[in-house]
2 protein chains.
Amino acid sequence: MDAREILQNTSIRLTPVREAILGVLLNERCPMSYREVAARLPEGQDRVTLYRALSLFLKEGIVHRVMDMKGTWRFCAHDPGHPGCPGNHPHFACRVCGRMECLMEHSLPHLEVGPETVVEGKHLVLYGICWECVVKKTRKKETGSS
Amino acid sequence: MDAREILQNTSIRLTPVREAILGVLLNERCPMSYREVAARLPEGQDRVTLYRALSLFLKEGIVHRVMDMKGTWRFCAHDPGHPGCPGNHPHFACRVCGRMECLMEHSLPHLEVGPETVVEGKHLVLYGICWECVVKKTRKKETGSS
DNA sequence: AGATAAATGCAACAGTGTTGCAGGAAGGAG
DNA sequence: CTCCTTCCTGCAACACTGTTGCATTTATCT
Ligand SMILES: [Mn+2]
Ligand SMILES: [Mn+2]
Ligand SMILES: [Zn+2]
Ligand SMILES: [Zn+2]
């Protein structure tokens, strides 16, 4: 399912900007910051329009949103047929390359809190070094010391 | 143990500003944003000095840090004798009053990720409505409809 | 094609967090 | 106690994310 089709299944209007933005998210399939999305759009695209499109996608439920370790929101287009609520899974953030990935295979833990407290959602972010950055670092060390 | 004692147990210098800042954190015992800390300090206190003090406390291990749902860091002074790494517990954030609390009694879940991936830490934040705000809301509803 | 509701771009703003630098204070040595 | 060194403080300036208001343009329906 491409961006056009997905947008036509919602109540919002289909515009070139929105199609382009959703297209970027569908291409990468990992949570992206507004900045990362903007870098893959035609230069000169207005920041505000991008922010508003992302918020709208979120409201329509065609993307989910995670906060990374720098305090910026990242948006990710999920497969429309995926089980469970969108974004209802943990994420991993690499502090070296800055990328984030969805840990779709895991579910969020259940925690028992006070009986009156209302838990509306959970954010679980693991952070560290992704395997790609680990491999790169290992290679560099080997070639450096030999 | 008060702020003065804690600071003297570290390698950093004891200054009035730092004593005041740590004092605020010890008073509240919940993760506070720089803004919340500043509000409890003598007016005119420089923002940058506050940020630097908090970062230093973090490096020295006398506070821990959590990111809230608005993307701002919150700092919390833990009991020095508490078991486990500081901040190694989940948190709850209330979207009504904005307060955050430490769920000290719970531990962070273990997730199996790829063998090469290095997991350095985890952030688990539950969000919703704290019991105090739930109670307030219930009262308001009752008095409003009666 | 025309009407209408909504999307876009622009300017301006609020907030968090960082850096560089000059002056001032803390803590140790004598 | 006094001096000296080191580091802390406050200020100005900056980068970045995210929001709001408004005028103009565009998508969609009739
Ligand atoms: Mn995800
Ligand atoms: Mn905590
Ligand atoms: Zn990486
Ligand atoms: Zn509350």
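Throughout, protein chains are lettered first and strands after them, A, B, ... in sequence-line order, and every chain is numbered starting at 1.
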*Any donor-acceptor pair under 3.5 Å linking the side chain of B/Lys122 with the backbone of A/Tyr127?*
no
*Proximity to DNA chain C (any heavy atom under 4.0 Å), residues of residues 24-54 of chain B only*: B/Tyr34, B/Arg35, B/Arg47, B/Val48, B/Tyr51, B/Arg52
*Would B/His91 and B/His64 count as a ring pair (Phe, Tyr, Trp, His ring centres under 6.0 Å) if you check the C-alpha gap in whole Å, the side-chain angles of each, and the deciding distance to 0.1 Å?*
CA-CA 12 Å; B/His91 294 85; B/His64 66 279; 5.5 Å; yes
Distance-only donor-acceptor pairs under 3.5 Å for side chains of residues 48-63 of chain A, two or more places apart:
from, atom 1, to, atom 2, distance (Å)
A/Thr49, OG1, A/Asp46, OD2, 3.4
A/Ser55, OG, A/Tyr51, O, 3.0
A/Glu60, OE2, A/Ser11, OG, 3.4

*Look at the side chain of A/Thr117 and the backbone N and O of A/Val113, then say whether any donor-acceptor pair between them is shorter than 3.5 Å.*
no
*asked:* Let me test you: for the helix from C/dA1-D/dT30 to C/dG30-D/dC1, what is the angle between the axes at its two ends (five pairs each), rounded to 10 degrees?
replied: 30°
*Whole Å only: how far is the NZ atom of B/Lys70 from the P atom of C/dT16?*
9 Å
*Contact letters for nucleotides 23-30 of chain C, in which S counts primed atoms plus P, OP1 and OP2 and B counts the base, heavy atoms under 4.0 Å*: --BBS---
*asked:* With clusters defined by side-chain heavy atoms of hydrophobic residues (ILVMFWY) lying less than 4.5 Å apart, directly or transitively, does B/Met67 cluster with A/Val66?
replied: no
*Verify same cluster id: A/Tyr34, A/Trp73 (apolar side-chain graph, 4.5 Å)*: yes
*Let me know, please, whether A/Val17 or B/Arg65 comes out on the 5' side of the other along DNA chain C by nearest nucleotide.*
A/Val17
*5' to 3' contact window, DNA chain D with chain B (heavy-atom distance under 4.0 Å)*: D/dT6 to D/dA13
*Residue list, side chain to side chain donor-acceptor pair (under 3.5 Å) with B/Arg47, at least two apart or on another chain*: none
*Could you tell me which non-hydrogen atom of A/Asn9 sits nearest to which non-hydrogen atom of A/Met1, and how far apart they are?*
ND2-CE, 3.6 Å
*Flag side-chain contact, heavy atom, 4.5 Å: B/Leu25 against B/Met32*: yes
*What closest approach, in Å, do A/Ala93 and A/Met100 show between heavy atoms, and which atom pair accounts for it?*
CB-CE, 4.1 Å
*Which pair of heavy atoms, one from B/Ala3 and one from B/Leu26, lies closest together, and at what distance?*
N-CD1, 3.5 Å
*asked:* Hydrophobic clusters here meaning ILVMFWY residues chained together by side-chain heavy-atom distances under 4.5 Å, can you tell me if B/Val119 and A/Val125 are in one?
replied: no
_Between C/dA7 (C1') and A/Phe57 (CZ): distance, integer Å_ = 12 Å
*Would you mind checking if A/Glu36 and A/Arg99 are paired as a salt bridge, meaning a charged N to carboxylate O distance below 4.0 Å?*
no
